[in-house]
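Data block below; observations after.
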Amino acid sequence: MILALALLLQAVPAEEPVDPYPVSNANAGTTPIRDPALWRAFHGREGVGRVVDGMVDRVQKDPRIADIFKGHDLVRLRRVLREHFCHVLGGGCDYTGRTMRDAHKDMGVQQADMGALIENLQASMRAEGVPFHAQNRFLAKLAPMRRDVVQR
Amino acid sequence: MIRPLLLSAMTAALVLPATAPPAEARNRRSGGKLLLTNGVSTVEGSAGGGLATWAVVAGNETRDGIGGAGHATLVALPDFDLETAGAAIGVNDRVELSYARQSFDTRAAGAALGLGRGFTFRQHVIGAKLRVAGDAVFDQDRWLPQIAIGVQHRINDRGATVRAVGARASRGTDVYVAATKLLLARSLLLDGTLRWTKANQFGLLGFGGDRRAGHGVQAEGSAAYMLSRRLVVGAEYRSKPDNLGFAREQDAWDAFAALAVTRHLSVTAAYVDLGDIATVRDQRGAFLSIQGAF
């Protein structure tokens with residue numbers, strides 16, 4: 001049985017432990033957009049998953065910001081981003097990640113880095129076939145998070 | 001990129017009241033603005049639409065760097081040609097310094113006006129703009145627009161001619177306040193600008209006149225809709241003084257499309273109506289502009 005458990009743990013990519021923090025949807029930093037049409041424009045939970053994976057794959061190849069993600073727990077990042085996007089887009093997910101301020105603490109993100117991240121997100125949404133105006137409704141929710149994301 | 005110490009010290013002094021962390025803690029870097037969020041170049045060299053100056057700062061730089069833009073614009077009207085070329089520098093997305101050289105070719109109309117065929121008015125426009133509040137792009141949870149104040153000093157080098165047609169001066173200074181807001185959820189950008197000016201036809205026919213000598217408040221504005229990340233369409237309006245008795249002046253408007261060809265290159269095409277100019281009626285035509293930015 002211990003062997004079976006060990007095999008199971010190996011099969012599911014593990015996240016690194018983080019210091020405990022209060023889990024709350026308030027950590028998402030904004031309220032969900034309640035519009036089923038927008039959720040459909042992102043092709044639901046599967047579409048959001050592809051958008052997140054596409055963005056994380058892209059940022060790792062983007063020489064402007066790849067270094068920021070080196071050494072980060074990308075397994076956890078993909079999961080909390082999926083939750084975050086799904087929550088904000090009205091997909092009914094709970095966000096279990098940290099606040100924007102805590103999640104970006106000491107990452108040294110500059111304004112231009114956030115610009116680069118947005119461009120990668122836009123590219124990923126285009127690849128998913130999310131219409132431009134639906135992309136902008138989502139980005140309008142994320143943009144004010146700059147105040148917590150950009151910390152220098 | 002270019003990092004002269006003196007300039008860094010100067011910019012640090014300029015932004016001191018604005019941002020909390022000391023400049024040394026941040027890496028200086030170029031670029032970083034999102035596509036088209038620096039607007040395009042006006043005929044006066046400042047960042048904005050084609051006719052209206054916006055509160056955005058020229059160049060692709062963020063608060064951490066220096067950027068710039070250059071432009072060349074042709075306004076082809078039935079009886080006149082206006083050509084402008086200029087450059088602007090943006091410092092820390094806070095301060096903009098701009099220069100434009102305008103030449104206004106009267107072509108055949110020059111002979112009819114008694115100036116001589118092909119008589120060309122020329123003007124220098126030197127501008128400075130300071131962003132004082134807000135962020136047009138990122139403050140999407142607030143109504144506060146990005147607000148900037150600015151000055152444009154114009155030097156017309158046809159002083160004798162503009163005085164002969166009734167202008168009081170060949171130099172003038174505009175002061176303006178601009179408010180610009182991107183309503184991202186609606187893919188819409190709005191600008192409203194108030195300008196204190198005495199310029200006749202943007203200064204090409206001098207400053208002040210027999211009907212009114214001094215400055216007055218004029219309004220300009222733009223509404224632009226983003227069709228895609230690279231393509232924006234919109235319309236602009238700009239009111240102008242009507243200082244000269246010999247040639248009444250109407251407000252100007254345009255309808256434009258701006259395309260970001262690359263991060264560093266954009267082109268703007270517009271249909272523009274400048275009204276009557278120097279008694280020659282209905283000057284409506286094409287506005288074509290190419291801009292480079294870093």
Side-chain angles (χ1 to χ4, degrees), chain A residues 28-35 37-38 41 62-65 67-68 88-90 100-101 104-127 129-152, chain B residues 1 15 18-38 57 59-67 92-94 134-144 146 181-189 225-233 260 262-263 294:
Chain A
T30 188
T31 52
I33 307 170
R34 304 242 177 250
D35 179 0
L38 187 67
D62 185 336
R64 295 175 295 177
I65 51 173
D67 284 352
I68 294 174
V88 174
L89 288 165
M100 290 303 118
R101 180 165 289 275
H104 295 87
K105 196 167 178 286
D106 302 325
M107 283 177 80
V109 175
Q110 286 187 284
Q111 172 68 57
D113 300 321
M114 184 158 176
L117 182 83
I118 291 170
E119 287 175 359
N120 284 294
L121 172 56
Q122 286 177 317
S124 188
M125 290 190 291
R126 277 200 304 281
V130 178
F132 179 68
H133 300 103
Q135 295 179 24
N136 287 346
R137 289 180 67 191
F138 182 43
L139 292 176
K141 279 288 199 178
L142 303 184
M145 295 173 190
R146 177 184 77 157
R147 293 192 279 269
D148 291 326
V149 170
V150 176
Q151 299 193 346
R152 66 169 181 146
Chain B
M1 288 279 308
V15 298
T19 42
E24 308 84 75
R26 310 208 306 242
N27 295 339
R28 302 292 298 166
R29 58 199 289 185
S30 61
K33 250 183 221 160
L34 294 167
L35 272 185
L36 288 171
T37 58
N38 50 346
V57 175
N60 291 339
E61 89 288 357
T62 64
R63 62 173 87 162
D64 302 310
I66 290 173
N92 288 26
D93 197 23
R94 165 118 357 235
D135 186 300
V137 179
F138 283 92
D139 286 350
Q140 292 298 318
D141 54 346
R142 298 173 181 171
W143 280 104
L144 179 75
Q146 180 162 328
K181 186 77 184 176
L182 175 65
L183 302 172
L184 186 54
R186 292 179 172 79
S187 306
L188 192 65
L189 184 138
Y225 184 70
M226 296 187 289
L227 290 173
S228 78
R229 205 166 58 97
R230 297 183 178 280
L231 182 63
V232 175
V233 294
T262 71
R263 189 184 298 283
F294 69 93

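Throughout, protein chains are lettered first and strands after them, A, B, ... in sequence-line order, and every chain is numbered starting at 1. Below, all heavy atoms of this structure are taken into account, side chains as well, without hydrogens, waters or symmetry copies.
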remark   = Shortest non-hydrogen pair, A:Phe132 vs B:Met226, comes out as CE2-O, 3.5 Å
Portion of B:Asn60 that has a non-hydrogen atom of chain A nearer than 4.5 angstrom = neither
query = side-chain contact (heavy atoms from CB on, under 4.5 Å) between B:Asp93 and A:Gln111: does it pass, once the steps are laid out?
reply = CA-CA 11 Å; B:Asp93 197 23; A:Gln111 172 68 57; over 6 Å; no
note = Given A:Glu119, A:Met145, A:Lys141, A:Arg147, the one with more heavy-atom pairs under 4.5 angstrom with chain B than any other is A:Arg147
query = If you count heavy-atom pairs under 4.5 Å with chain B, which of A:Ile33, A:Ile118, A:Thr30 comes out on top?
reply = A:Ile118
query = Between B:Arg229 and chain A, which part of the residue has a heavy atom less than 4.5 Å away: side chain, backbone, both or neither?
reply = both
query = Closest heavy-atom contact between A:Ala112 and B:Gly31?
reply = CB-O, 4.0 Å
task = Decide yes or no on side-chain contact (heavy atoms from CB on, under 4.5 Å) for B:Phe138 and A:Val150, but give the supporting numbers first.
result = CA-CA 12 Å; B:Phe138 283 92; A:Val150 176; over 6 Å; no
inquiry  = What's the separation between atom CZ in B:Arg186 and atom NE2 in A:His133, rounded to the nearest 0.5 Å?
reply    = 12.5 Å
key: Note, A:Met114 side chain near B:Thr62 side chain (heavy atom, < 4.5 Å)   = no
ask   = Taking NZ, NE, NH1 and NH2 as the nitrogens, is one of them in B:Arg29 or A:Asp113 under 4.0 Å from a carboxylate oxygen of the other?
value = yes
query = Considering all heavy atoms of both residues, which atom of A:Ala140 and which atom of B:Leu184 are nearest to each other, and what is their separation?
reply = N-CD2, 3.5 Å
ask   = Checking A:Gln110 side chain against B:Asp64 main chain: does a donor-acceptor pair fall under 3.5 Å?
value = no
note = Cut-off 4.5 Å, heavy atoms of chain A, and the answer for B:Leu183 is neither
ask   = Taking every heavy-atom pair that is under 4.5 Å apart, which of A:Gly115, A:Ala134, A:Pro144 has the most such pairs with chain B?
value = A:Pro144
request  = Might you point out which heavy atoms bring A:Ala143 and B:Gln140 nearest each other, and give the distance in Å?
outcome  = CB-CG, 3.8 Å
task = Identify which part of A:Gln122 has an atom lying under 4.5 Å from any heavy atom of chain B, answering side chain, backbone, both or neither.
result = side chain
